[in-house]
Amino acid sequence: MLTEEQLNKFEEDGYLVIKDFINNEKCEELKTEIDNVIETNNFLDQVKTISVFLADENSAKAADEYFLTSVDKIRPFLESKAKEILEKNDKSVKIFNKIGHALHALNPKFKEVTFDSKVKEIFESIGYKKPIVCQSMYIFKQPFIGGEVQPHQDGSYLYTEPLKVTGIWIALEDCTSHNGCLEFIPGSHKGPLVTRFIRNPNKEEFEAGKHLIYTNGIPKFSYDDSKFIPAEVKKGDAILIDGLVVHRSAPNLSPNSRNIYTFHVYDSDNVDFSKENWMEPNSISFLPLNEN
Ligand SMILES: O=C(O)CCC(=O)C(=O)O
């Protein structure tokens, strides 16, 4: 359970660092497991195919479909620099950006961490009545080429009416300003949701390949740089993230990777998961937290 002090801090800032959420052995276990996932699914053999999606307008449609159908699967996504690295045939550079979006449902080791009693207690503490885990991601932030994550609110991607979505982000390695730790605008969760990322309701445009749109533009340039506070954390620490708090992460130009595992939960009690969301509810990856 979160203490009153922790609850107050979460309420005030919209995010909360929880020290020593998992131990070092568990971090190593998850990192080894992701290597197993890559190997057993032959992800390295698929990179040439997936990389065609990058920086190629003609394949944007296929890229959207690959993304949209990843909801209930374990699928790799590449760093934006992957194409040029592959063209140079440089095998020394790691090019996976993330693996999404159903590790929590389909992989026993990630499932165990996601449905741990500690997680259940946290969601109880913050007042969730019927929490549903709807997605998970393993994010690598590879050395030297790990891309930035633009400022955003998670509610833009996982909208519920009313909005009640929260993420847990677990550091599997030390995360610092050098390797692209998360940065937050404290208190920004008290502001409105600025935009939503939805399936394009315009049928003609959708058919023509413009599958996904922002309802109010990409939030990229709307925030003042000086307001972001880095949340440097140690391996094993977690960060609880309110669905409205604005956060981002810088590129990783350092020699150290920044592996993390994250998943998102919404409260299905008196809340509808928006039908317009890019992500469609399904029985494989939308799992009640307290029944698993
Ligand atoms: O890990 C990162 O750098 C970004 C993750 C993030 O923004 C999220 O999970 O909402």
Side-chain angles (χ1 to χ4, degrees), residues 10 13-18 21 27 30-31 34 67 70-71 76-80 94 96-104 110 113-114 119 133-160 163-186 188-189 193-197 214 218-220 223 228-254 256-266 277-279 285:
F10 183 55
D13 292 342
Y15 68 99
L16 176 75
V17 174
I18 304 171
F21 190 69
C27 293
L30 295 182
K31 283 165 62 185
I34 212 69
F67 175 66
S70 69
V71 170
F77 293 84
L78 300 180
E79 284 292 346
S80 56
K94 296 187 172 170
F96 289 116
N97 164 279
K98 70 172 184 181
I99 291 180
H101 287 95
L103 281 163
H104 66 285
F110 286 94
V113 170
T114 312
V119 174
V133 186
C134 60
Q135 72 159 15
S136 54
M137 292 180 283
Y138 188 101
I139 304 179
F140 296 89
K141 203 68 112 170
Q142 303 285 9
F144 303 114
I145 63 151
E148 74 177 312
V149 173
Q150 301 281 355
H152 65 279
Q153 297 163 293
D154 292 342
S156 296
Y157 301 90
L158 302 168
Y159 185 67
T160 64
L163 188 65
K164 206 166 174 192
V165 61
T166 305
I168 292 197
W169 184 99
I170 306 171
L172 304 179
E173 296 175 315
D174 290 352
C175 301
T176 68
S177 295
H178 301 290
N179 66 358
C181 66
L182 287 183
E183 298 172 19
F184 293 88
I185 301 185
S188 52
H189 63 302
L193 187 68
V194 297
T195 191
R196 287 176 53 205
F197 183 66
Y214 282 93
I218 304 177
K220 188 171 168 177
Y223 301 106
F228 284 92
I229 306 290
E232 295 196 318
V233 291
K234 290 279 179 208
K235 177 175 181 175
D237 294 346
I239 307 182
L240 191 64
I241 305 175
D242 184 284
L244 276 174
V245 75
V246 177
H247 58 291
R248 69 178 185 185
S249 65
N252 181 10
L253 304 177
S254 84
N256 305 316
S257 59
R258 195 228 60 180
N259 283 213
I260 67 98
Y261 172 61
T262 184
F263 53 92
H264 288 86
V265 178
Y266 72 95
N277 282 335
W278 76 271
M279 173 170 276
S285 56

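Note that ligands are numbered from 1 as they come in the structure, with each ligand's atoms numbered from 1 the same way.
Put simply, the side chain of His101 reaches to within 4.5 Å of the side chain of Phe67, judged on heavy atoms. Residues His178 and Asn256 form no side-chain contact, since every pair of their non-hydrogen atoms from C-beta on lies 4.5 Å or further apart. Between Tyr157 and Met279 there is no side-chain heavy-atom pair separated by less than 4.5 Å. In this structure the side chain of Thr176 never reaches within 4.5 angstrom of the side chain of Cys181, judged on heavy atoms.
Among residues two or more places apart in sequence or in another chain, the side chain to side chain contact (heavy atoms under 4.5 Å, CB included) test is passed with Asp154 by His152, Ile241, His247, His264.
Using a non-hydrogen distance threshold of 4.0 Å, His264 registers as a contact of ligand 1.
Under 4.0 Å from ligand 1, not a single heavy atom of Glu183 appears. Of the heavy atoms in Arg248, none comes closer than 4.0 Å to ligand 1.
The protein heavy-atom contact nearest to atom 8 (C) of ligand 1 is His247 NE2, 3.7 Å. Scanning the protein heavy atoms around atom 10 (O) of ligand 1, the nearest turns out to be Asp154 OD1, 2.8 Å. Of the protein's non-hydrogen atoms, Arg258 NH2, 3.4 Å is the one closest to atom 2 (C) of ligand 1.
The Ser249 neighbourhood of ligand 1 comprises atoms 2 (C), 3 (O), with distances under 4.0 Å to a heavy atom of that residue. Residue contact check: Ile139 has heavy atoms under 4.0 Å from atoms 1 (O), 5 (C) of ligand 1.
Distance alone, capped at 3.5 Å, is enough to place a donor-acceptor pair between the Ser188 side chain and the Val246 backbone. Glu183 places no side-chain N or O within donor-acceptor distance of the main-chain N or O of Arg248, the cut-off being under 3.5 Å.
Evaluated by nearest non-hydrogen atom to atom 4 (C) of ligand 1, the leading choice among Leu182, Ile260, Ile239 is Leu182.
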